[in-house]
Amino acid sequence: VAVLYLTLFVAFRFYGVPSALPVFAMMVAVAALAAALAVLQDARSLAVVGAVGGFATPLLVSTGAGNHVALFGYYLVLDLGIAAVAWHKTWRALNLVGFAGTFVIATAWGVLDYSSRHYASSQAFLIAFFLLFVVILLLPARRLASRDAVGAGAADGWVQGALLFGLPTITFVLQHGLVRDTEFGTALSALVLAAFYVLLALAMRARAALTVTFEACLAIAIVFLTLVIPFALDARSTAGAWALEGAGLVWLGFRQARGLPE
């Protein structure tokens with residue numbers, strides 16, 4: 001698979017044998033073939049190589065046109081392929097490659113090329129990638145939830161911390177970049193994320209295999225609710241609201257008999 005990628009790249013970049021579109025299509029075909037073979041042969045390393053090559057393809061065959069819709073549309077299709085693999089296999093490395101490849105390139109593009117005229121498409125892609133990686137995060141629990149009894153270690157073992165905590169963090173940072181010039185845009189974004197994680201936690205509440213993510217989602221929701229305050233209010237109001245929140249957490253800690261309230 002790696003040799004196929006390199007051969008196509010060298011043929012395009014140094015000899016110009018195929019044009020950009022055919023070589024792009026062939027590299028996509030190689031990535032799809034690698035993913036299919038990886039699932040059939042239970043070969044994690046093959047899936048990772050295919051995914052790395054897939055994410056590198058637009059960079060290798062770039063013509064400088066700067067079409068971000070085509071770029072992120074391609075990455076969305078590639079991440080859908082990773083989600084399809086995650087339906088069958090719990091491969092943390094593959095999920096991490098997809099997450100890092102998508103958001104590192106998205107962040108670089110945002111810093112270098114984003115402008116306000118790209119807002120609508122950028123917002124749509126950010127939401128789509130966020131929801132897709134939430135699904136990828138939760139897919140391994142599908143197999144655990146179908147079992148009659150799940151031990152504590154097994155229930156916790158499927159959780160991938162990089163996605164669980166890294167995804168909302170980088171999503172909020174990119175969202176702030178999109179709406180920082182809009183009044184209360186960041187505060188409303190934090191509020192929406194908090195509401196999303198509360199709803200997600202409620203959906204997980206009754207399932208033993210999702211105990212860890214249930215508590216993590218509640219914690220993430222509290223963090224985003226806390227962030228709403230400074231982005232929406234002045235310094236004095238923020239101090240008062242945070243003091244009330246702290247008092248509420250102390251009360252909750254006593255109610256739950258916990259030294260570190262959630």
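A quick note: this is a predicted structure, and the numbers were derived from the prediction, not measured.
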Applying side-chain hydrogen bond (donor to acceptor under 3.5 Å, both in side chains), which residue pairs with at least one partner in residues 22-50 are found, sequence neighbours left out?
Asp42-Lys89

Is there side-chain contact between Leu131 and Ile127, with at least one heavy-atom pair below 4.5 Å?
yes

Partners of Val1 by side chain to side chain contact (heavy atoms under 4.5 Å, CB included), sequence neighbours excluded?
Tyr5, Val30, Ala34, Leu46, Val49

Group every Ile, Leu, Val, Met, Phe, Trp and Tyr by side-chain heavy-atom contacts under 4.5 Å, then state whether Leu33 and Leu80 land in the same group.
yes

Among all residues two or more places apart in sequence or in another chain, which pass the ring pair (Phe, Tyr, Trp, His ring centres under 6.0 Å) test with Phe130?
Phe196

Hey, what do you get for CE (Met26) to CG (Leu4), rounding to the nearest 0.5 Å?
10.5 Å

Is there a side-chain contact between Leu200 and Leu138, using heavy atoms and a 4.5 Å cut-off?
yes

Pairs in or reaching into residues 183-197: which pass salt bridge (Lys or Arg N to Asp or Glu O under 4.0 Å), with residues at least two apart or in two chains?
none

Among all residues two or more places apart in sequence or in another chain, which pass the ring pair (Phe, Tyr, Trp, His ring centres under 6.0 Å) test with Phe214?
none

Cut-off 3.5 Å, no hydrogens considered: what does the side-chain donor-acceptor table look like for residues 166-179, sequence neighbours left out?
{"unit_1": "Thr169", "atom_1": "OG1", "unit_2": "Phe165", "atom_2": "O", "d": "2.8"}
{"unit_1": "Thr171", "atom_1": "OG1", "unit_2": "Leu167", "atom_2": "O", "d": "2.7"}
{"unit_1": "Gln175", "atom_1": "OE1", "unit_2": "Gln123", "atom_2": "NE2", "d": "2.8"}
{"unit_1": "Gln175", "atom_1": "NE2", "unit_2": "Gln123", "atom_2": "OE1", "d": "3.1"}
{"unit_1": "Gln175", "atom_1": "NE2", "unit_2": "Ser189", "atom_2": "OG", "d": "3.1"}
{"unit_1": "His176", "atom_1": "ND1", "unit_2": "Thr186", "atom_2": "OG1", "d": "2.8"}

Selection residues 23-38 - residue pairs positive for side-chain hydrogen bond (donor to acceptor under 3.5 Å, both in side chains), sequence neighbours left out:
none

Sorted by chain and residue number, the side chain to side chain contact (heavy atoms under 4.5 Å, CB included) partners of Leu71 (sequence neighbours excluded) come out as Pro58, Tyr75, Ile105

Looking at side-chain heavy atoms only, is the closest gap between Ile136 and Gln160 below 4.5 Å?
no

Taken in chain and number order and not counting sequence neighbours, the residues that satisfy side chain to side chain donor-acceptor pair (under 3.5 Å) with Ser121 are His68

Would you mind telling me which of Phe72, Phe99, Phe129 makes a side chain to side chain contact (heavy atoms under 4.5 Å, CB included) with Asp79?
Phe129

By the salt bridge (Lys or Arg N to Asp or Glu O under 4.0 Å) test, which pairs, at least two apart or in different chains, include something from residues 118-141?
none

Of all pairs that satisfy salt bridge (Lys or Arg N to Asp or Glu O under 4.0 Å), the ones with a partner from residues 15-30, not counting sequence neighbours:
none

Is the closest side-chain heavy-atom distance between Thr102 and Phe133 below 4.5 Å?
yes

Using the salt bridge (Lys or Arg N to Asp or Glu O under 4.0 Å) rule, collect all pairs that involve residues 97-108, keeping only residues at least two apart or in two chains.
none

When you compare the side chain of Tyr114 with that of Thr107, does any pair of heavy atoms fall below 4.5 Å?
no

